[in-house]
Each structure stands twice: as structure tokens, then as C-alpha cells.
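All values reported here derive from a predicted model rather than from experimental measurement. In what follows, every chain begins at residue 1, and chains take the letters A, B, ... in the order their sequences are listed.
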Amino acid sequence: MLEKSEENPNHKGVWVFTEQIDGKLKNVGLELLGAGRKIADKLGEELVAVLLGYKVIELVKDLEAYGADKVILVEHELLEQFTVDAYTKVLAELTIKYKPSVLFIGGTLNGRELAPRLAARLNTGITSDCVDFDINSDGHLTHVKPFGKLMAKIICKTRPQIATAKPNVFKKLEPNWDRRAKIVREEIKINPEDIRTKILGRIEANKNPYGSIEDADVIVAVGKGLCSKENLKLIQELADLLGASVACTRPVVDRGWLPSSQQVGQSGKTVAPKLYIAIGISGATYHTVGMKNSDIIIAVNKDPKAPIFQIATYSIVGDLFKILPLLIDRLKKEVKEVKLSITTKGE
Amino acid sequence: MSKAGLRIIVCIKQVPAIQDIKIDPITHTLIRESMPSMLNPWDEIGVEEGIRLREKYGGEVTVITMGPMQAKEAILRCLAMGADRGIIISDKALAGADTIATAYALYMQIKKMKYDLIICGKISTDSETGHIGPHLAELLNIPQICYVKKVDLDIEKRRIIAHKEADEGIEIVEAPLPVLLTTAIGLNKPRLPTLKGIISSKRKEVKVLTAKDLGGSLSNYGLRGSPTFVDEVFEPPSRKPEMIFQGDPKEVVEKIVQVLLNKKLISSRS
Ligand SMILES: Cc1cc2nc3c(=O)[nH]c(=O)nc-3n(C[C@H](O)[C@H](O)[C@H](O)COP(=O)(O)OP(=O)(O)OC[C@H]3O[C@@H](n4cnc5c(N)ncnc54)[C@H](O)[C@@H]3O)c2cc1C
């Protein structure tokens, strides 16, 4: 096992592992370049994107445009597919060679397997699912994440300080296609025996009947206040009228009313739609970290003290079983083909 | 694999049984004492899988946890489900451990044992990092397969073929034993302990170990061995509500529809 490497001035540089799959960059990597830019500027250090894969050089221009000062590129046939063994080996060798102070890894499923494995290899600390970063007076990275009803600032004494964040938590910079970064190619020896897990095949995911929530413009979200699975009909009807995806809190997933793909919050997804309608949701911190950046939040709750009203733009105090049928009726009657007059994100 | 069949180790954790956990305002750690607790549901899936594999291939299932002595309840639950023996690592010197220091303690014990398969929960419901499985696989220098939905073993060749959740769907992955798995929802439906299981669990061995039993330098354990710590806790910032509607539901709905129209979130008929 490696000795723990305490904070020292030899560790420099803010690194972002910018994951690609099938030659496409994951958005979360670009988002973390945005977060990393701020941290690198505060520290007065370089922002480095680390790109692993095979024949992926054309992705470098995106990394330049989204803020990297330097790109470390490792291309190898055995990096074409993501494997924890090969990717951990390469990142560990690079980290030992260059000694970055910070390493951000996107919280995709791959990232969540890679980051803790790498942390154990380097014998350094890791903080997952951060929602904010800063630099404190001692030059440590502060990792902000929810902790019970409160938020915590976590410090890591060792280097590199490894952190993960979910997709949609941080914002990408505006791309500047004229920006240029220094490109450093690294050759790293990888043997087939280094990779102990062999991928035999992939089964593509089925289409999601509730709508994907990560990139939805309008989300109708439900909580335990719904009382039973049968009442989902109401929610689905409202969502259909608004062209919305359906999301939920953790207890709704625990009860089997909706699949975990629809869960918003600390252990679910982070979303930032134009409109988020929270129905029968109390507004626990673990939930709100996943949706508080929505443009408009409408909350329906019968309890006037529900914490969701602290962050709602429009608070509706009332019984959802009275409000929803009326709202659905009203929308059906008064509103032409109820369709969103706003443009779709990404267009 | 030995003649005795598969040697399976399942790492488990006792977690608060309520959703909204409490935090000690001074030490910034979870308050675990006198809280209703349960076996982490993801670990329960792991225990179930271990028992099923033993039922199919023979062998034994050991459950292991690090935590306060109260966590023995969770071990007993696993034994009542059908696991063969339990180990609890409990010591004041281990308190305040982050995931690196926790995985290190588990590693120091597990490396002394013989195993073909190690199973961890994907996450624990109280902190949800999902670090322990990958940390432990790395320390033991064995391959890992996370978020497993289906397990097939080829005992002759000592290989596993697993279906795992991936960002782009399901991946089918093969690896040699020993291997570490983490559980995904849908891997199985854990059984409830039977009365017979509960009675026989009382006769099963539960070993209690301290940091001294684990060996190694105390500086690698607990708070001292943890690279990360909680420095500060604070209230989450709130957004100022723009408008509150209450009273007659009809009027409330009318007002909210007006808002949707004004904000051009819907367009009106005519
Ligand atoms: C480590 C950890 C991670 C977590 N991760 C997540 C996560 O990712 N996502 C998540 O959502 N939660 C998460 N939780 C759980 C979280 O703490 C809360 O328990 C959960 O968000 C509460 O869900 P809820 O609002 O649906 O239920 P409740 O808190 O039970 O709220 C139900 C609400 O419905 C209202 N209501 C009831 N009936 C009606 C009615 N007829 N009309 C109108 N309103 C009504 C009630 O007033 C109440 O406010 C996590 C917890 C932990 C410990």
C-alpha cells in the first residue's frame, strides 16, 4: 500500500477525468471542467483534462473549448472500452507522476466504480456526490454535500483530493472554440492480463415510460403524500398534459411505486428543469439538493410548514387530491393542445 | 474452490431505520445509539445472494461488519436468514472512520481469511457513498464487479459471469474468482428469517474483534486513519418564495394556471 501523501506544495494542478464512451464525451466531465476552472483560478494552478480511450483525439477540441489549460491524452487499444482495472492503472500512474492536488471524477456508474478504487490505490481521501467546492484559508478543497438535514463541508488531508459529482450539478462554461490547451500525450504500458474483468456484451436499456428526467424541461415530481401507487394515474395525467417527465422522492422508489431511474436527490439524479412541480413532497435536504436549481418550483403540500415551501417559487398549501383533479380539468378545458411554448433544452 | 464449496464473505452494515438521520452537533458524526436500526437493505440483498449461492454450490457464508456492538443485531439477522457465522469488529479506536479507514479495517481481517467471493451492498442508506466495495477490492487486489443484477458461476473454471448495471444499459462481464461484487436492486428478493432460522442463529458463532486483533498500526484506523473529515455543518440556503396560494382549491388552481400562462409555460385556447 502507498504511504498516505499529506498536503504539500509539490502537489499542483486541478485535474478532471473527462470520461468518454463510444467516442462521446460525458457531459458531467465538461461540467466538472466548469467547477474545476473556478478552483484552479483560486489556487492559481492549471486546469487539466485527462482523456483516456482509443482514437479519441478529436475530443480534445471540446476539452479546450470548455476550459482546460492542458489535456493529458492516453490512447491505447485496451482503453477503448472502460474497464476499472485499466483505467485505474493509467490514472494511478499519471497521478503518481504529475502529483495533482485535486482530481474530479464524474459520478457516472463507471466513475463511481473508478474513483473509490483509485483512491484506495493512491491511499488518499475521496468525497462523493459533492454539490459545491471552494478553497479554504489553508488551501484545502472544501467539499460541500448534504448531511442529514444540514450541509457539510468536508476536508481531505491527503493528496490528491479526489471528489465526484453527479451529472447536472455543476454548469459547463460557455464554450470558446478559439481557446487552445497544451496537449500532452502519455504512453502507458497496459497488458491484457492487467484487465481481469472481460466485457462479453451489452444489453441496451429499454425506453423509459416515465420519460427521462435528466434533460426534461418540465418535471412533475411526487412524494409519499401520494399515499398509493394507484394515485400515480393523476400524476401521469398531469404530466402528459404538460409534456412533462415524472420524477419522485426516495420513499416512492422504496415503495415500488416508480423505478429508481426517476428518483431525484442525493441518491438519485440531479435535475434543473424550467419547471418543477413538487406534489406531496416534504422537501428534505436529500431531495432538494437534486432539484433546487430548477428555474421555477411549484410545490403542492397540505402542511404549511413543509420545508419544500422554503425553496418553492409558488407555494400551494392544500390537499393534492382536491387540487390536482381541478388543475387537470382546468388545463384540459381551457388550454389548447397544452404544449410547452418554450424551446427544448440543448436546441 | 476448496472441497468445502464456495467461501463467501458478505460485508454488512447496520443503518438507522428512519429516513432523516440525526447528526451530533459537536463531533459531526451520525448519532447511532438508541436509534431504531436495521440491516442496510443493499447488504440484505448481498446476504441473500450469498445464501442462494451456498445452497446451489455448497460452502459457507460469513458476514462481517465494523461498527458499535449494537450492530450485532444486524449480524444476528443475517444468521437468522441463513448465513453461517458472523464477525463484528468493534473498538473505540475505530470510531470516526471514513470509508478509507473502514475498508482498511475490513481488509486487515479479510486478508487473513480464505474466500472465493466477497459481496458488498452497492451503497449504505445512511451515507450512500458506495466506496467500500471498490476500496476493499483494491486493497485485496482482486477484481470488482459493481451493481450486479445476475450471477452465474462456472465452478470448474473458477469464473463468474455477471450482468451489471452500466450507464448505457446492462453489461455482461466475466471475471476470475476470487472477485468482489456489489449488489443492485433486482438481484434477488431477500427472504425473511423463519422462526427456525431465528432459533438456530442463537447457536451460531459471532466473533468479536478489536483493533488489536486486526493488527497493524493504530494510526491507520478510525479518525486518525481517515484522510477526510467533516470540518463544518451549516443550514442549507433557502430561496425566497415568491407567492403562496391557499384557501379555496378552485381559486388556487385558477391562480396557478394564470402563472403558467404568464410565464408562457402553457399557451391558452382561442
Ligand atoms: C443518505 C440519504 C440519502 C437520501 N437520498 C434521497 C434522495 O435521493 N431523494 C429523496 O427524495 N430522498 C432521499 N432521502 C430521503 C429524504 O431524507 C426524505 O426522507 C425524503 O425525501 C422524503 O420523501 P417525501 O417528501 O416523499 O416523503 P415525506 O417526507 O413523508 O413527505 C410527504 C409529504 O406529503 C405531504 N402530504 C401528505 N398527504 C398530502 C396530501 N393529501 N396533499 C398534499 N400534501 C400531502 C405531507 O405534508 C408531507 O410533507 C435520503 C435519505 C438519506 C438518509
Please determine, among Val253(B), Ile172(B), Ile161(B), the option with the most heavy-atom pairs under 4.5 Å with chain A.
Ile172(B)
Asp98(B) versus chain A, the contacting section by heavy-atom distance below 4.5 Å:
neither
Which atoms of Asp129(A) approach chain B - backbone, side chain, both or neither, heavy atom under 4.5 Å:
side chain
Region of Leu275(A) that comes under 4.5 Å of a non-hydrogen atom in chain B
side chain
Below 4.5 Å from any heavy atom of chain B, which atoms of Lys198(A) appear? Answer side chain, backbone, both or neither.
both
Side chain, backbone, both or neither: which part of Tyr147(B) has an atom under 4.5 Å from a heavy atom of chain A?
side chain
Lys164(B) portion near chain A, given a 4.5 angstrom heavy-atom threshold
side chain
With a 4.5 angstrom heavy-atom cut-off, which part of Tyr107(B) approaches chain A: side chain, backbone, both or neither?
neither
Kindly compute the distance separating SG (Cys120(B)) from CD1 (Ile12(B)), expressed to the nearest 0.5 Å.
11.0 Å
Whatever's closer than 4.5 Å to a heavy atom in chain B on Val300(A) counts as neither
Sidechain-backbone polar pair: Thr129(B) side chain, His131(B) backbone, donor-acceptor under 3.5 Å
yes
Drop me the distance from Lys153(A)'s NZ to Phe229(B)'s CZ, to the nearest 0.5 angstrom.
12.5 Å
Quick check on the interface: out of Pro116(A), Gly107(A), Ala120(A), Pro304(A), who has the most heavy-atom pairs with chain B under 4.5 Å?
Pro116(A)
Please flag which part of Ile298(A) lies under 4.5 Å from any non-hydrogen atom of chain B: side chain, backbone, both or neither.
side chain
Given Ile126(A), Thr127(A), Leu327(A), the one with more heavy-atom pairs under 4.5 angstrom with chain B than any other is Ile126(A)
Any non-hydrogen side-chain atom of Leu153(B) less than 4.5 Å from a side-chain atom of Arg159(B)?
no
Top residue by heavy-atom pair count (under 4.5 Å) with chain A, among Asp167(B), Asp231(B), Thr228(B), Val233(B)?
Asp167(B)
Heavy-atom pairs under 4.5 Å with chain B are the metric here; pick the option from Ile199(A), Ile155(A), Leu200(A) that has the most.
Ile155(A)
Toward chain A, the part of Ala166(B) with a non-hydrogen atom under 4.5 Å:
backbone
Can you say whether Val259(B) sits under 4.5 Å from chain A via the side chain, the backbone, both, or neither, judging by heavy atoms?
side chain
Select, from Asn123(A), Asp85(A), Val317(A), the one with the greatest count of heavy-atom pairs under 4.5 Å involving chain B.
Val317(A)
Given heavy-atom pairs under 4.5 angstrom as the criterion, report whether the side chain, backbone, both or neither of Thr182(B) touches chain A.
neither
Report the distance from atom CZ of Arg158(B) to atom CG of Asp116(B), rounding to the nearest 0.5 Å.
4.5 Å
Identify which part of Leu260(B) has an atom lying under 4.5 Å from any heavy atom of chain A, answering side chain, backbone, both or neither.
side chain
Output the option from Lys4(A), Gln266(A), Lys322(A) having the highest count of non-hydrogen pairs under 4.5 Å with chain B.
Lys4(A)
For the pair Tyr314(A) and Phe245(B), name the ring-plane relationship: parallel under 30°, tilted 30 to 60°, perpendicular over 60°.
parallel
With a 4.5 angstrom heavy-atom cut-off, which part of Thr197(A) approaches chain B: side chain, backbone, both or neither?
both
Can you tell whether the side chains of Asp43(B) and Lys13(B) come within less than 4.0 Å, N to carboxylate O?
no
Can you tell whether the side chains of Glu168(B) and Lys26(A) come within less than 4.0 Å, N to carboxylate O?
yes
Which bit of Ile21(A) is near chain B, if near means a heavy-atom gap under 4.5 Å: side chain, backbone, both or neither?
side chain
